[in-house]
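One structure is given below, encoded as structure tokens.
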Amino acid sequence: MGQLIEVTVFGAEEKCGSCIHLPSAKETMEWLEAAVKRKYPEHNFRFRYVDINKVVEKKDQAYADAILSDEYMYPLVVIEDEVVAEGNPRLKDVYAKIDAM
């Protein structure tokens with residue numbers, strides 16, 4: 001396996017107002033993890049879900065604060081500390097980031 005690629009999905013238990021008909025952030029992370037691991041079986045991924053209201057790791061606080069201050073919508077997908085998608089993430093954008101690594 002190659003390098004470890006960290007994919008973090010930020011969200012909250014409560015869906016954002018404009019996301020009522022979309023999957024939850026946690027469901028989005030599970031869907032994303034399945035799709036990415038299926039497409040890139042040769043890569044080594046670490047998927048993390050971070051609840052913006054219960055941040056544990058200091059490195060996640062800035063993203064959580066940005067979401068809470070409406071700079072980003074959630075779910076927010078961050079790959080290797082770069083924002084790749086927000087709201088309803090598109091696989092095409094996520095795949096483009098992984099291909100560029």
Side-chain angles (χ1 to χ4, degrees):
M1 293 249 173
Q3 74 188 56
L4 177 65
I5 299 171
E6 186 169 87
V7 180
T8 307
V9 178
F10 292 84
E13 286 185 34
E14 182 179 316
K15 292 183 183 182
C16 66
S18 61
C19 304
I20 294 300
H21 301 291
L22 297 175
S24 71
K26 193 171 266 190
E27 290 168 333
T28 297
M29 188 211 61
E30 292 166 354
W31 162 79
L32 201 56
E33 181 175 13
V36 167
K37 285 183 172 181
R38 189 169 42 251
K39 180 163 175 70
Y40 299 97
E42 71 284 0
H43 285 63
N44 189 14
F45 293 96
R46 176 179 178 223
F47 280 80
R48 299 172 53 238
Y49 172 77
V50 177
D51 186 314
I52 59 174
N53 297 305
K54 301 173 189 166
V55 175
V56 175
E57 295 186 37
K58 187 174 182 171
K59 68 179 182 173
D60 299 327
Q61 192 63 56
Y63 287 113
D65 290 345
I67 293 168
L68 291 168
S69 64
D70 294 329
E71 290 178 50
Y72 294 115
M73 293 188 314
Y74 64 87
L76 180 72
V77 179
V78 177
I79 300 177
E80 292 297 317
D81 207 33
E82 181 182 321
V83 174
V84 176
E86 62 179 304
N88 186 15
R90 295 176 359 159
L91 281 176
K92 182 175 143 187
D93 298 334
V94 173
Y95 292 164
K97 170 62 180 169
I98 294 168
D99 288 339
M101 296 181 78

With a 4.5 Å heavy-atom cut-off, do [X] and [Y] have their side chains touching?
| X | Y | result |
| --- | --- | --- |
| Val94 | Lys97 | no |
| Val36 | Phe45 | yes |
| Pro89 | Thr28 | yes |
| Met29 | Phe47 | yes |
| Val9 | Leu32 | yes |
| Arg46 | Thr8 | no |

Tyr63: which of Val83, Val55, Ile52 passes side-chain contact (heavy atoms from CB on, under 4.5 Å):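 Going through the options one by one, the only one that passes is Val83.
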Pair Glu6, Lys59 - check salt bridge (Lys or Arg N to Asp or Glu O under 4.0 Å), show working. CA-CA 13 Å; Glu6 186 169 87; Lys59 68 179 182 173; 3.0 Å; yes
Distance check, rounded to the nearest 0.5 Å: Asp60 atom CG versus Asp51 atom CG?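 One finds 11.0 Å between CG of Asp60 and CG of Asp51.
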Mind checking the CD1-CD1 spacing from Ile79 to Ile98? Nearest 0.5 Å is all I need.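 One gets 4.5 Å once the value is rounded to the nearest 0.5 Å.
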Does the Glu27 side chain pair with the main chain of Ser24, one donor and one acceptor, at a distance under 3.5 Å?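 Present.
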I'd like to know if the side chain of Glu80 reaches the main chain of Val7, judged simply by a donor and an acceptor atom lying under 3.5 Å from each other, with no hydrogens or angles considered.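 The answer is no, because no donor-acceptor pair under 3.5 Å joins these two groups.
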Considering all heavy atoms of both residues, which atom of Gly11 and which atom of Ala25 are nearest to each other, and what is their separation?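 What the structure gives for the nearest pair is CA-CB, 3.5 Å.
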Relative to the ring of His43, is the ring of Tyr40 parallel (under 30°), tilted (30 to 60°) or perpendicular (over 60°)?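 Aromatic pair Tyr40/His43 classed perpendicular.
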If the condition is salt bridge (charged side-chain N to carboxylate O under 4.0 Å, His left out), which residues does Lys54 pass it with, not counting sequence neighbours?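 Partners of Lys54 by the salt bridge (charged side-chain N to carboxylate O under 4.0 Å, His left out) criterion, ordered by chain and then number, come out as Glu13.
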Quick one: list whatever passes side chain to side chain contact (heavy atoms under 4.5 Å, CB included) with Glu71, sequence neighbours left out.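 Counting only residues at least two positions away or on another chain, Glu71 forms a side chain to side chain contact (heavy atoms under 4.5 Å, CB included) with Ala66, Ser69.
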Taking the cut-offs as 6.0 angstrom to the six-membered ring centre and 45 degrees off its axis, would you call Lys39 and Tyr95 a cation-pi pair?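 The answer is yes, since Lys39 meets both limits relative to Tyr95.
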Let me see the working for Arg90 and Asn88 under side-chain contact (heavy atoms from CB on, under 4.5 Å), right down to the final yes or no. CA-CA 7 Å; Arg90 295 176 359 159; Asn88 186 15; over 6 Å; no
Go through the steps for Leu76 and Val84 under the test side-chain contact (heavy atoms from CB on, under 4.5 Å), then give the verdict. CA-CA 8 Å; Leu76 180 72; Val84 176; over 6 Å; no
Between Tyr49 and Phe10 (judged by ring centroids, cut-off 6.0 Å), do the two rings come close enough to count as a pair?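 No, the ring of Tyr49 stays outside the 6.0 Å limit from the ring of Phe10, centre to centre.
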Taking everything shown except Lys92 itself, do over 12 heavy atoms lie less than 6.0 Å from its NZ?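 Counting other residues, nucleotides and ligands, NZ of Lys92 stays at 12 neighbours or fewer.
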A quick test of your reading: do over 12 heavy atoms of other residues, nucleotides or ligands sit less than 6.0 Å from NZ of Lys26?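 No, because the 6.0 Å sphere around NZ of Lys26 holds 12 heavy atoms or fewer from other groups.
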